[in-house]
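For reference, the structure discussed in these notes is given below.
To find a chain, count down the sequence lines: A is the first, B the second, and so on, and within it residues start at 1. As a basis for the values below, the full set of heavy atoms in this structure was taken, side chains included, without hydrogen atoms, waters or symmetry mates.
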2 protein chains.
Amino acid sequence: MVRKPAKVPSTRRPNMREAILAAAEELFSTYGFNAVSVRDIARAAGANPGSVTYHFKTKDGLLLEIYRRHCGPMNLRRSELLAAARRVRDLQDRLEAIVRAYVLPAFTSGSDLAGGGTRFTRLRAIMSAEGNEVVKRIIAQTFDDTSDAFIDAIHESLPHIPRTDLVWRGHFLLGALYYTLVTPERVSRLSRGSADGTDAGQAIEELVRATVASLQAAPLDQTLARRKTTIAEIAQGER
Amino acid sequence: MVRKPAKVPSTRRPNMREAILAAAEELFSTYGFNAVSVRDIARAAGANPGSVTYHFKTKDGLLLEIYRRHCGPMNLRRSELLAAARRVRDLQDRLEAIVRAYVLPAFTSGSDLAGGGTRFTRLRAIMSAEGNEVVKRIIAQTFDDTSDAFIDAIHESLPHIPRTDLVWRGHFLLGALYYTLVTPERVSRLSRGSADGTDAGQAIEELVRATVASLQAAPLDQTLARRKTTIAEIAQGER
DNA sequence: GTCTATACAACGATAGAC
DNA sequence: GTCTATCGTTGTATAGAC
């Protein structure tokens with residue numbers, strides 16, 4: 001809340017606040033929020049536990065500040081890329097560009113550090129699973145607008161698909177993205193080394209391809225009419 | 001490790017072990033593993049904290065027992081449904097049946113209680129995000145075989161798609177599934193009420209549709225050849 | 001064999017010294 | 001502005017009563 005002057009503060013250790021913030025981000029995005037203690041953070045930053053409380057009031061406050069840092073730049077980048085994507089002429093290419101505009105910042109952007117975007121997205125993935133209340137509020141405030149804009153853009157490219165289906169499919173995209181950042185080694189393992197789950201480039205390309213295809217899929221009723229084998233038949237097959 | 005006799009034990013309170021197990025499953029799948037204390041579990045089960053330690057040795061042991069309970073039935077059901085799906089004649093229907101066989105038990109199976117499968121899958125989702133070590137070991141032992149079988153089955157239906165791509169897309173499916181169970185209200189919100197994220201039926205149908213389409217998508221190189229607008233063009237569009 | 005009472009370390013947070 | 005000392009509370013595990 002209280003804004004600090006831009007001048008370097010006459011402190012014992014310079015940028016202790018920054019050191020704590022960096023340590024917290026690193027630890028939270030690796031082990032989750034609940035598994036990391038304020039003491040862990042202080043230790044990693046070379047600070048005193050009390051100093052964490054001084055700077056951020058509570059543990060939740062620390063998390064809030066990390067989100068504040070990243071949300072702005074990431075959503076800005078997304079908006080820029082989305083605007084550019086909407087100008088793509090070829091319809092198929094435009095759709096792909098829109099999806100890419102959504103995915104790319106999650107992997108690469110982030111305020112300053114290399115891989116900052118990836119780390120922050122990983123944190124978001126863990127936080128959504130842990131169901132943190134602070135984060136829920138931030139998401140409803142900050143991310144829903146962006147998500148809406150993307151769904152609208154996709155809907156423009158695919159007007160014959162009901163918006164509801166696109167919401168579902170966009171939701172699946174985010175889940176897939178999160179899961180890939182949280183458990184990349186599973187991809188490497190199941191592919192027996194022929195894919196590298198930690199390779200952002202590979203992940204992005206596969207994610208974009210899969211998502212574009214899923215977005216273009218016919219809506220539900222059309223497929224139900226086509227199907228020759230009913231669900232009941234399959235479920236009864238063995239049991 | 002030590003197997004207990006099948007006889008009902010002559011205990012003061014019957015099924016206290018079961019009560020603790022049920023309470024733990026409920027709490028873990030709602031708030032995550034790290035956020036829930038042994039005291040919380042004991043309180044919810046009407047037991048003494050020490051009694052939890054007696055039955056399950058450690059908090060990890062409790063988690064392990066919950067997994068042991070569910071993994072067997074769920075993977076059995078999956079195998080049954082997969083075997084049935086493989087016998088479907090129509091190729092398109094078969095692929096869909098295979099995906100359905102993977103998704104269905106995650107939502108509905110589970111040892112006994114209604115919604116047991118959903119609750120356990122939700123737990124798995126949270127645990128994978130929290131990066132729990134106990135769970136990582138169980139997954140590598142129990143789930144990878146099943147995942148492999150499904151990828152193989154899908155590969156048989158889509159022999160022209162490289163297995164690596166199918167691994168990625170199957171991974172995305174699991175991520176989407178997890179995320180839907182963890183944050184269903186997001187779907188309801190973004191769709192402005194026209195979809196219900198908590199409705200397992202809707203979720204399954206949308207998930208199956210989207211996944212089948214993504215699995216059928218052309219592999220990477222083919223699309224790269226088709227594309228008219230390069231990635232660089234898009235990224236440079238605004239910035 | 002099952003549960004109660006209790007020990008002990010670590011947690012988040014505060015007040016006040018520096 | 002930062003750190004020390006410390007509060008009340010919680011998580012985990014044990015030892016012994018029933």
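The shortest distance between the side-chain N/O atoms of B:H55 and the OP1/OP2 oxygens of C:dT2 is not below 4.0 Å.
Ring orientation note: the planes of A:Y179 and B:H171 are close to parallel, at an angle under 30° on the 30°/60° scale.
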Grab the N/O contacts between the protein and nucleotides 11-15 of chain D below 3.5 Å, and write none if there aren't any.
{"residue": "D:dG11", "atom": "OP1", "partner": "B:S37", "partner atom": "OG", "Å": "2.6"}
{"residue": "D:dG11", "atom": "OP2", "partner": "B:S37", "partner atom": "OG", "Å": "2.7"}
{"residue": "D:dG11", "atom": "N7", "partner": "B:R39", "partner atom": "NH1", "Å": "2.1"}
{"residue": "D:dT12", "atom": "OP2", "partner": "B:V38", "partner atom": "N", "Å": "3.1"}
{"residue": "D:dT12", "atom": "O4", "partner": "B:R39", "partner atom": "NH1", "Å": "3.0"}
{"residue": "D:dA13", "atom": "N7", "partner": "B:T53", "partner atom": "OG1", "Å": "3.4"}

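Counted within 6.0 Å of CZ on A:F143, heavy atoms from surrounding residues, nucleotides or ligands total more than 12; the atom is thus considered enclosed.
Atom CG of A:N34 and atom C1' of C:dA10 are 16 Å apart (whole Å). Regarding A:I41, its CD1 atom lies at a distance of 12 Å from the C1' atom of C:dC11, rounded to whole Å. One interatomic measurement links the two molecules: CG of B:L21 to P of C:dT2, which rounds to 14 Å at whole-angstrom precision. Protein atom OH of A:Y31 is 14 Å distant from nucleotide atom P of C:dC11, rounded to whole Å. Summarising the geometry, the separation between CE on B:M16 and C1' on C:dT4 is reported as 12 Å, rounded to the nearest angstrom.
Taking the charged nitrogens against the carboxylate oxygens, A:E206 and A:R209 have no contact shorter than 4.0 Å, which rules out a salt bridge. Salt bridge absent: B:K57 and B:E65 never bring a charged side-chain N and a carboxylate O closer than 4.0 Å.
Listed here is the closest heavy atom pair of A:C71 and A:I138: SG-CG2, 4.3 Å.
Residues B:Y178 and A:Y178 place their aromatic rings such that the two centres sit no closer than 6.0 Å.
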